[in-house]
Participant: 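I'd like to ask some things about the structure below.
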Amino acid sequence: MATNNIVVLGAGVSGLTTAYLLSQDPKNNITVLAKHMPGDYDVEYASPWAGANYMPVGKEGSHHQAWERATWPALKEITEKYPEAGIHFRGSVIYNRKKDQETATGDWFSELVQPNPWYKDVVPDFKTTPDDQLAPGIDNAQEFTSVCINTAVYLPWLVGQCVKNGAVFKRAVLKHIADAASAHHTGQKADVVVNCTGLSAKTLGGVLDEKMYPARGQIVVVRNDPGPMVSASGTDDGEDEALYIMTRAAGGGTILGGSYQKHNWDGTPDMNLANRIMKRCIKICPSLVKEGQGIEGLDIIRHGVGLRPLREGGTRIEKDKVNGVAVVHNYGHGGFGFQASFGCAYATVSLVKDVLQNKSLAKL
Ligand SMILES: Cc1cc2nc3c(=O)[nH]c(=O)nc-3n(C[C@H](O)[C@H](O)[C@H](O)COP(=O)(O)OP(=O)(O)OC[C@H]3O[C@@H](n4cnc5c(N)ncnc54)[C@H](O)[C@@H]3O)c2cc1C
Ligand SMILES: *[C@@H]1O[C@H](CO)[C@@H](O)[C@H](O)[C@H]1NC(C)=O
Ligand SMILES: *[C@@H]1O[C@H](CO)[C@@H](O)[C@H](O)[C@H]1NC(C)=O
Ligand SMILES: *[C@@H]1O[C@H](CO)[C@@H](O)[C@H](O)[C@H]1NC(C)=O
């Protein structure tokens with residue numbers, strides 16, 4: 001049986017989901033190479049910091065929308081079939097204020113918060129809140145059932161699935177894609193390299209895609225459990241300060257967010273921002289703490305900062321040839337890397353198949 005030697009560069013949710021799908025074909029012999037692996041917490045590694053939940057934001061008719069649409073059934077199936085993957089279903093409430101429309105957070109959530117979104121037929125239990133039940137200042141609200149992913153369980157679960165299917169994981173900091181091609185565990189040259197390097201901070205060397213930039217996300221992880229998830233279009237604390245609450249599966253704690261600070265690379269938590277996050281989360285969701293309590297009622301596990309890997313012009317899923325090496329890119333997933341993970345990975349795998357198809361044609 002002919003073997004396809006594949007190197008996947010990057011072990012965030014994009015690289016791991018792509019490797020997971022590729023590893024299901026026994027003809028593929030896969031090496032996953034990465035500087036950071038699940039278990040690491042580093043500002044250069046976005047995936048562990050994500051909530052993560054499924055809150056679709058792709059504009060109607062875009063690739064982004066198609067990737068998010070394609071991801072829901074996969075996440076639903078994993079949630080139902082593999083409780084050990086660390087994902088659970090969770091009710092969620094979405095609040096919209098029209099005055100947030102022009103802000104960084106309002107723009108990010110514009111599809112999510114609109115009253116008649118495309119995803120109403122994708123997620124279960126979608127329901128619009130009647131106008132006479134809206135809290136003061138809220139222009140419209142809706143509820144649906146989503147998922148919350150405990151990234152500390154899910155990312156290692158993906159590693160485990162890949163390993164079970166024969167993939168080999170190796171630590172490496174790659175300077176050039178050609179180095180990746182020669183780092184396959186068989187010692188043979190890789191037929192194709194899949195580039196899932198996310199924001200790939202400048203310190204990593206190599207070519208930085210000029211279109212990449214961060215949207216800094218600060219979070220507070222607490223032991224309190226308020227029940228349903230909450231997301232809002234914005235806050236009165238600043239145009240790039242976000243508001244969301246989500247409780248992770250399997251004892252993962254509750255994530256209080258957040259911020260959406262474009263072009264800000266600061267990996268250190270800002271304690272003033274942390275205070276504002278905690279205060280506004282309690283205000284919108286008083287059940288986070290006991291009656292009458294303020295932020296002293298929160299039991300803090302940790303403060304964190306992650307950088308969402310945004311790309312001007314959108315996610316790059318594309319075939320390429322770099323120094324004679326066939327490359328398929330899958331990077332630039334901003335704040336939606338989990339909720340679009342399977343859609344993006346399906347598209348990437350189909351390009352990998354194109355490349356491999358040509359390889360076998362060339363041998364005929
Ligand atoms: C606070 C916060 C909350 C979020 N919430 C959500 C959410 O609720 N839902 C959602 O869908 N998304 C969410 N996101 C977005 C999501 O986290 C990202 O879109 C996703 O993690 C990107 O994954 P990735 O695999 O592309 O990149 P990363 O996770 O950053 O992984 C990059 C990988 O490439 C490796 N790498 C890079 N360069 C090299 C090199 N030269 N050599 C070797 N290895 C290299 C790194 O070591 C790492 O393994 C959130 C993000 C943040 C920051
Ligand atoms: C994959 O690589 C390993 C070497 O690590 C080798 O033993 C195995 O035969 C290869 N698999 C296939 C299908 O060629
Ligand atoms: C891989 O992706 C990164 C972005 O994360 C980009 O900077 C780099 O140029 C890509 N590598 C190649 C060989 O195209
Ligand atoms: C495959 O071969 C065709 C025909 O030669 C070419 O047009 C196409 O770009 C090739 N695809 C890849 C991924 O190399």
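Ligands are counted one by one from 1 in listed order, and the atoms in each one are counted from 1 as well. Quick caveat: nothing in here was measured; it's all calculated off a predicted structure.
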Participant: Give the numbers and elements of all ligand 3 atoms closer than 4.0 Å to a heavy atom of H329.
Facilitator: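 What qualifies from ligand 3 is 12 (C), 14 (O).
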Participant: Polar contacts were defined as any N/O atom of the residue lying under 3.5 Å from an N/O atom of the ligand; does this apply to G198 and ligand 1?
Facilitator: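 N/O-N/O distance below 3.5 Å does not exist for this pair.
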Participant: List every atom of ligand 1 that sits less than 4.0 Å from any heavy atom of G334, numbering the atoms from 1 in the order shown and giving each element.
Facilitator: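 That gives atoms 15 (C), 16 (C), 18 (C), 19 (O) of ligand 1.
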Participant: I'd like to check whether G198 has a polar contact with ligand 3, where a contact means an N/O of the residue lying under 3.5 Å from an N/O of the ligand.
Facilitator: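 For ligand 3, there is an N or O atom that lies under 3.5 Å from one belonging to G198.
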Participant: Side chain or backbone of V322 under 4.0 Å from ligand 3, or both, or neither, by non-hydrogen atoms?
Facilitator: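 The side chain, only.
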Participant: Looking only at distances, please establish whether an N/O atom of ligand 1 is found under 3.5 Å from an N/O atom of K35.
Facilitator: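 Yes: some nitrogen or oxygen of K35 is under 3.5 Å from one in ligand 1.
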Participant: Where is the tightest heavy-atom contact between E68 and V57, given as atom of each residue plus distance?
Facilitator: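 So the minimum-distance heavy-atom pair works out to OE1-N, 3.0 Å.
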Participant: At under 4.0 Å between heavy atoms, is it the side chain or the backbone of P48 that contacts ligand 1, or both, or neither?
Facilitator: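 Neither part.
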Participant: Below 3.5 Å, N or O to N or O, backbone or side chain included: is there any such pair between D209 and ligand 3?
Facilitator: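 Yes.
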Participant: State whether the shortest distance between N or O atoms of D320 and N or O atoms of ligand 3 falls below 3.5 angstrom.
Facilitator: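 No: no nitrogen or oxygen of D320 is under 3.5 Å from one in ligand 3.
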Participant: Can you confirm, on distance only, whether ligand 2 has an N/O atom lying under 3.5 Å from any N/O atom belonging to T186?
Facilitator: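 No.
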Participant: Taking 4.0 angstrom as the limit and counting only heavy atoms of T3, give me the atoms of ligand 2 inside it, by number and element.
Facilitator: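 Under 4.0 Å from T3, ligand 2 has these atoms: 12 (C), 13 (C), 14 (O).
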Participant: Step by step, would you call L243 with F109 a side chain to side chain contact (heavy atoms under 4.5 Å, CB included)?
Facilitator: CA-CA 11 Å; L243 176 42; F109 275 178; over 6 Å; no
Participant: What part of K27, side chain, backbone, both or neither, has a heavy atom within less than 4.0 angstrom of ligand 2?
Facilitator: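 Looking at K27 and ligand 2, no heavy atom falls under 4.0 Å.
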Participant: Would Y244 count as a polar contact of ligand 1, with the cut-off being nitrogen or oxygen pairs under 3.5 Å?
Facilitator: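 For ligand 1, there is no N or O atom that lies under 3.5 Å from one belonging to Y244.
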Participant: Assess Y45 for proximity to ligand 1: is some non-hydrogen atom of it under 4.0 Å away?
Facilitator: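 Y45: in contact with ligand 1 (<4.0 Å).
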Participant: If we only consider heavy atoms of L199, is any one of them less than 4.0 Å away from an atom in ligand 1?
Facilitator: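 Judged by the 4.0 Å heavy-atom criterion, L199 does not count as contacting ligand 1.
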Participant: Please say whether L9 places an N or O atom under 3.5 Å from an N or O atom belonging to ligand 1.
Facilitator: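 No; the residue has no nitrogen or oxygen that sits under 3.5 Å from a nitrogen or oxygen of the ligand.
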Participant: May I ask whether V327 has any heavy atom positioned less than 4.0 angstrom from an atom of ligand 3?
Facilitator: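 Heavy atoms of V327 never come under 4.0 Å of ligand 3.
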Participant: For A172, which part has a heavy atom under 4.0 Å from ligand 1: side chain, backbone, both, or neither?
Facilitator: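 Backbone only.
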